[in-house]
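Just so you know, residue 1 is the first one in the sequence shown, and it goes up from there.
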Amino acid sequence: MSGYDIKKHVQKTLTAVTNASYGTLYPTLHKLLAEGALEMQEIPQTARPSKKLYRITEQGREELQKWLRQPPVADQIRREFLLKVYLAQHLPKEHFKALLAGRRDEQEAQLRALRQASNAPGSQRQKWIIDYALSQCAAELKWLDQLETEIENVS
């Protein structure tokens, strides 16, 4: 697939777990090329830049299989937000509440997007991923409710 096709595919099938920005996609593709996990074929086009098609190599397949067998690393998605929550003890209460409100807005937007994605056609595995992300999002919103209540009760 081309980088554009990969980005579209990831957005369609894995939107619940990752975004596919070009800022992360192309550096990752270049890294995998340098490691020998991918190969690239350039196809000249008239009046357009060459199209680059990426294909996994046998070495890449072996590395993928190895990675799939490893236990997952602790989830890092929320690490920065939780660090901000911890450090926010040094902020005025209103600033802390604004931090939480911003996170709530992000999670509610994510929840809406996930609900829309859950109604789209897709494989059972895609639906499992979306269901997982929906439960994670709902759990974080519940946690935010509890935290906001505690903050209101603290002088």
Side-chain angles (χ1 to χ4, degrees), residues 1-89 96 98-147:
M1 283 193 244
S2 68
Y4 175 78
D5 292 332
I6 293 169
K7 182 179 186 305
K8 282 189 349 189
H9 181 74
V10 169
Q11 284 178 321
K12 180 181 175 193
T13 60
L14 295 172
T15 191
V17 292
T18 187
N19 67 3
S21 73
Y22 289 119
T24 56
L25 176 64
Y26 283 107
T28 301
L29 289 173
H30 293 163
K31 178 180 180 270
L32 292 170
L33 277 169
E35 292 173 353
L38 291 180
E39 58 189 18
M40 184 209 25
Q41 175 186 9
E42 278 196 64
I43 300 173
Q45 301 186 101
T46 308
R48 298 176 91 180
S50 295
K51 186 175 195 171
K52 297 177 182 178
L53 297 179
Y54 299 90
R55 180 176 293 114
I56 192 167
T57 63
E58 187 57 37
Q59 176 186 336
R61 283 190 216 308
E62 290 170 11
E63 287 297 317
L64 175 61
Q65 290 300 317
K66 181 179 169 186
W67 177 76
L68 288 171
R69 287 189 298 271
Q70 293 175 351
V73 177
D75 189 4
Q76 297 178 23
I77 295 171
R78 293 174 179 87
R79 185 175 285 177
E80 182 179 340
F81 172 69
L82 292 175
L83 179 60
K84 288 179 180 180
V85 166
Y86 175 76
L87 295 173
Q89 64 185 314
F96 187 47
L99 171 69
L100 298 179
R103 183 61 177 192
R104 175 177 296 287
D105 290 345
E106 291 170 9
Q107 290 303 298
E108 287 172 346
Q110 178 72 5
L111 191 61
R112 285 190 300 276
L114 288 166
R115 285 181 176 146
Q116 184 177 5
S118 72
N119 294 324
S123 72
Q124 183 61 48
R125 290 179 188 213
Q126 289 168 321
K127 293 194 182 303
W128 292 337
I129 291 168
I130 292 169
D131 287 347
Y132 173 82
L134 278 165
S135 10
Q136 291 292 101
C137 194
E140 185 166 340
L141 286 167
K142 182 178 177 183
W143 175 78
L144 284 167
D145 287 341
Q146 294 168 344
L147 187 55

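Every side chain to side chain contact (heavy atoms under 4.5 Å, CB included) that M1 has, sequence neighbours left out, goes to D5, I6, H9. Residues passing the side chain to side chain contact (heavy atoms under 4.5 Å, CB included) test with E106 are R103, sequence neighbours excluded. Remark: K31 engages E35 in a side-chain hydrogen bond (donor to acceptor under 3.5 Å, both in side chains) (not counting sequence neighbours). Taking the side-chain hydrogen bond (donor to acceptor under 3.5 Å, both in side chains) definition, one finds that R104 meets it with D145, E148, sequence neighbours left out. With sequence neighbours excluded, the residues forming a side chain to side chain contact (heavy atoms under 4.5 Å, CB included) with T57 are E39, Q59, listed by chain and number. The side chain to side chain contact (heavy atoms under 4.5 Å, CB included) check on R125 picks up S123, W128, with sequence neighbours excluded.
Atom OG of S2 is separated from atom NZ of K8 by 7.5 Å, given to the nearest 0.5 angstrom. Taking CG of L53 as the start and CD1 of I43 as the end, the distance is 4.0 Å to the nearest 0.5 Å. Between the CG atom of L134 and the NZ atom of K127 there is a distance of 11.0 Å, given to the nearest 0.5 Å. Here C137 contributes atom SG and E108 contributes atom CD; the two are 8.5 Å apart, rounded to the nearest 0.5 Å. Note that OG1 of T24 is 9.5 Å distant from CG of L29, once rounded to the nearest 0.5 Å. With rounding to the nearest 0.5 Å, the separation of CG in L33 from OG1 in T28 is 11.0 Å.
P27 and Y22 make their closest contact through CD-O, 3.7 Å (heavy atoms, listed as atom of the first residue, atom of the second, distance). Nearest heavy-atom pair across S50 and P44 is OG-CA, 3.8 Å. The two residues S118 and I130 have their closest heavy-atom pair at CB-CG2, 3.7 Å.
Counting only heavy atoms from C-beta outward, the side chains of E140 and F81 approach each other to under 4.5 Å. Contact of the E62 side chain with the K66 side chain is not registered, since no non-hydrogen atoms from C-beta on lie closer than 4.5 Å.
Under the 30°/60° scheme for interplanar angles, the aromatic rings of Y26 and H30 are found to be tilted.
The number of heavy-atom neighbours closer than 6.0 Å to NZ of K7, taken from other residues, nucleotides and ligands shown, is above 12.
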Apply side chain to side chain contact (heavy atoms under 4.5 Å, CB included) to Y132 and I129, showing your working. CA-CA 5 Å; Y132 173 82; I129 291 168; 5.7 Å; no
